[in-house]
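This report refers to the structure that appears directly beneath it.
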Number of protein chains: 2
Amino acid sequence: MEFEFTPEKQRLRAPSLRSLETRAKILDAAERLFAERGFDGTSMRDIAAEAEVRVGLVSHHAGNKAALFHVVVARRADTLAQRRIEALEARKVQGPVDLRAVLDCFLTPYLELARDGGPQWMAYARLVAYVSADARWRSLAMVCFDPTAQRFVDEIASLYPRASKRRIAAGFVYSVAGLLAQITSGWRVEALGGEGPRMRVADDRVLLDFCVAGIEASMG
Amino acid sequence: MEFEFTPEKQRLRAPSLRSLETRAKILDAAERLFAERGFDGTSMRDIAAEAEVRVGLVSHHAGNKAALFHVVVARRADTLAQRRIEALEARKVQGPVDLRAVLDCFLTPYLELARDGGPQWMAYARLVAYVSADARWRSLAMVCFDPTAQRFVDEIASLYPRASKRRIAAGFVYSVAGLLAQITSGWRVEALGGEGPRMRVADDRVLLDFCVAGIEASMG
DNA sequence: GTCTATATGTAGATAGAC
DNA sequence: GTCTATCTACATATAGAC
C-alpha cells in the first residue's frame, strides 16, 4: 500500500458554509478515531458514522484515506509548531536564553494544550506516538515535525558550540519521547509510583528538570 | 472488538516435531509483521504468506488473531525480563548498587539484544512502542512489562528513601520512553544531528548518562 | 497436522440520481 | 454537495476431506 497522495485540485469556486461544516465534522471525527485506533484500525465507515455523515461524503471531502490521515496529522502539527516558535522568539527578545529556557519553549506549549486545550490535544499525542512508531509514516513525520525540531536542536547547539551536535540531537530525541510519554502514559506513572501523593501541576516541572539535566549530562 | 482470549486447552499428546516447526515459523512471521505494521495493519493471510504456510494453519496453531498477538508480545518480554532481573541480582551480589548501576541493569540487556541479538530484537522495540501507544493493549502491557518495571522502580526508591516515589516512577517512565526512542528512532537522531561524526557504540552510554542525570534531577 | 473450500462480514472507492 | 447503490477485493474464521 502506498501513502503518497496527489495535491488538491484547483477549486472552481469557494465552498459553501455547509460544505465547510461537513468537512470540519469529518476531520474532527477522523482525528478522534485515528488517535484512538490508528490508521489501520479505523475505517472510512467508522469515520462517517462518528461524523454523522454518509460514507461517500468522506471520500468526497477528503479524497482517499491516506490523504485524510495526512491532513489530520498536519493540522495540529502546524498549530503546535507555531506556538513553539513564537514562544522561543518571544523569549529571545527578552535577552539571552539558556538550555532550560529553550526546552521550556519546546515542551510547555504542548503540555499546556494537552491540559487546557480540550481532550483532542491529549489524543493527538497518541497519534504522534503512533506516527513515530510506524516506519510507513516516516516521511510524514519528517515533514510535520522535523523543521521545528531542527530549529530547537540548532538553538541548543549554539549554546554549546564545543559539544557534539549528534549527542545534542540524541538528548533532544529522548526528551521528545519523554514528552509524549508524559502525555500518553500518565496511567503508567500512576501504576508504578501509585503509593505516593499525586504530583498534579508539578508534573510538567518534573519533566523539564529531567530533560534539562539529561541533555546537559549527555553532552559529556 | 475484544482482546481477551481463552487459556490454551489441555493437550492430549505431545506435539510432533513438524508441528513445533510450523508453530515457530508462524510466530516468527507474525512477530515481523506485527512489529512492522501493527495489529490492524497485519492480516492472518499476510502472516500465513510470510510463514509460507496455509491460512488455516495459522488459526489452528495460534487460535485467533488477538491470542497470536498476545503470545508474540509475551514471548520476548519474558526473555527480556529474565535478563534484566538476572543482571540486577548479579550486581547486587557484588556489593551495594547506586542509581547508575540499577538503570544500567535495566537498559543494557535490551540495548545489547537490539545490537547483537538479531534484527528481530530491534523490530520488537517497535512492537513495544506500538503496544504502549494503544490504549486497547494496556492490560497486555501491564501483564508483560509492569512487574519488571515495578521491581526496578522499587529498587531505585530504596536508594532514595526520602524522595517522592511518584517522581521516581515518572523519571523511570521517561527513561523507558528514551530507551525505545534510542532503538526505534536512530534515523531521527541522524536527521537532526547529522552533521557531526557518528556516535557508534557510545550511543548507549549517552542514553545512560541522560537517564541517570534526569532521574536524579527530577527527584528535586 | 495439514489442506481445500467456503461462509460471512467488511474494507475502500466510485458511479450516477437528485 | 449530498445521497443511494454497488463493485471488487480482502478480512477472519471454520468445516470437513485427507
Side-chain angles (χ1 to χ4, degrees), chain A residues 1-6 8-30 33-34 36-72 136-137, chain B residues 1-6 8-30 33-34 36-72 136-137:
Chain A
M1 185 182 211
E2 281 303 318
F3 293 104
E4 299 307 318
F5 59 101
T6 52
E8 275 189 65
K9 20 180 194 300
Q10 188 82 30
R11 286 201 175 281
L12 297 178
R13 55 175 175 179
S16 72
L17 184 62
R18 177 153 180 228
S19 167
L20 285 175
E21 279 170 1
T22 302
R23 188 185 143 89
K25 276 200 299 182
I26 290 169
L27 286 183
D28 289 344
L33 295 181
F34 281 143
E36 203 174 300
R37 322 211 269 246
F39 180 79
D40 296 301
T42 305
S43 73
M44 297 288 266
R45 298 178 136 76
D46 294 339
I47 295 168
E50 176 85 9
E52 296 175 295
V53 146
R54 312 290 158 208
V55 217
L57 274 188
V58 179
S59 298
H60 178 74
H61 282 277
N64 64 27
K65 194 179 167 185
L68 175 56
F69 188 76
H70 198 130
V71 170
V72 164
R136 292 174 299 171
W137 300 110
Chain B
M1 184 181 210
E2 280 304 318
F3 292 106
E4 299 308 319
F5 59 101
T6 51
E8 277 189 63
K9 29 181 188 297
Q10 187 81 29
R11 287 200 173 282
L12 296 180
R13 54 176 174 177
S16 72
L17 184 63
R18 180 157 178 224
S19 167
L20 286 174
E21 280 170 3
T22 302
R23 188 184 144 88
K25 276 201 298 182
I26 290 170
L27 287 182
D28 289 345
L33 296 181
F34 281 142
E36 204 173 299
R37 320 209 270 249
F39 180 79
D40 296 301
T42 304
S43 72
M44 297 289 265
R45 299 179 128 73
D46 293 339
I47 294 168
E50 175 85 8
E52 296 175 293
V53 146
R54 311 290 157 207
V55 218
L57 274 189
V58 180
S59 296
H60 177 73
H61 281 279
N64 64 25
K65 196 180 169 184
L68 175 56
F69 188 77
H70 197 130
V71 171
V72 165
R136 290 174 299 170
W137 300 111

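Predicted model only: the values in this text are computed from it and were never measured.
- Atoms NE2 (B:His60) and P (C:dT4) sit 15 Å apart, rounded to a whole Å.
- In this structure, B:Ser19 reaches the C:dG1 phosphate: one of its side-chain N or O atoms is under 4.0 Å from OP1 or OP2.
- For the side chain to side chain donor-acceptor pair (under 3.5 Å) test, residues two or more places apart in sequence or in another chain that qualify with A:Ser43 are A:Asp46.
- Proximity of A:Phe39 to B:Asp40: side-chain heavy atoms (C-beta onward) are nowhere separated by under 4.5 Å.
- Here A:Ala62 pairs with A:Leu68 under the side-chain contact (heavy atoms from CB on, under 4.5 Å) rule; sequence neighbours left out.
- Distances were taken from every side-chain heavy atom of B:Thr22 (C-beta onward) to each of C:dT14, D:dG1, C:dT2; the shortest belongs to C:dT2.
- One can place CG of A:Leu20 at 8 Å from P of D:dG1, the figure rounded to the nearest angstrom.
- Inter-residue side-chain proximity for A:Arg23 and A:Val71 is flagged as met; some heavy-atom pair is nearer than 4.5 Å.
- Atom OG1 of A:Thr22 is separated from atom CG of A:Leu17 by 9.5 Å, given to the nearest 0.5 angstrom.
- Partners of B:Glu36 according to the side chain to side chain donor-acceptor pair (under 3.5 Å) rule, which considers only residues two or more places apart in sequence or in another chain, do not exist here.
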Name each donor-acceptor pair under 3.5 Å that joins a side chain in residues 48-59 of chain B to protein atoms two or more places apart or in another chain, with its distance.
unit_1	atom_1	unit_2	atom_2	d
B:Glu50	OE2	B:Arg32	NE	2.6
B:Glu50	OE2	B:Arg32	NH2	3.3

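- When rounded to the nearest whole Å, the span between CD1 of B:Ile26 and C1' of C:dT2 equals 11 Å.
- Interface residues of residues 47-58 of chain B facing DNA chain C, ordered by number: B:Arg54, B:Leu57; criterion, heavy-atom separation under 4.0 Å.
- Of the inter-residue distances, the one linking A:Leu27 atom CG with A:His61 atom NE2 reads 10.0 Å to the nearest 0.5 angstrom.
- Here C:dT2 presents its C1' atom at 8 Å from NE2 of B:His61, a figure rounded to the nearest Å.
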Write out a two-atom table: protein N or O, nucleotide N or O from nucleotides 6-11 of chain D, distance below 3.5 Å.
unit_1	atom_1	unit_2	atom_2	d
D:dA11	OP1	B:Ser43	OG	3.1

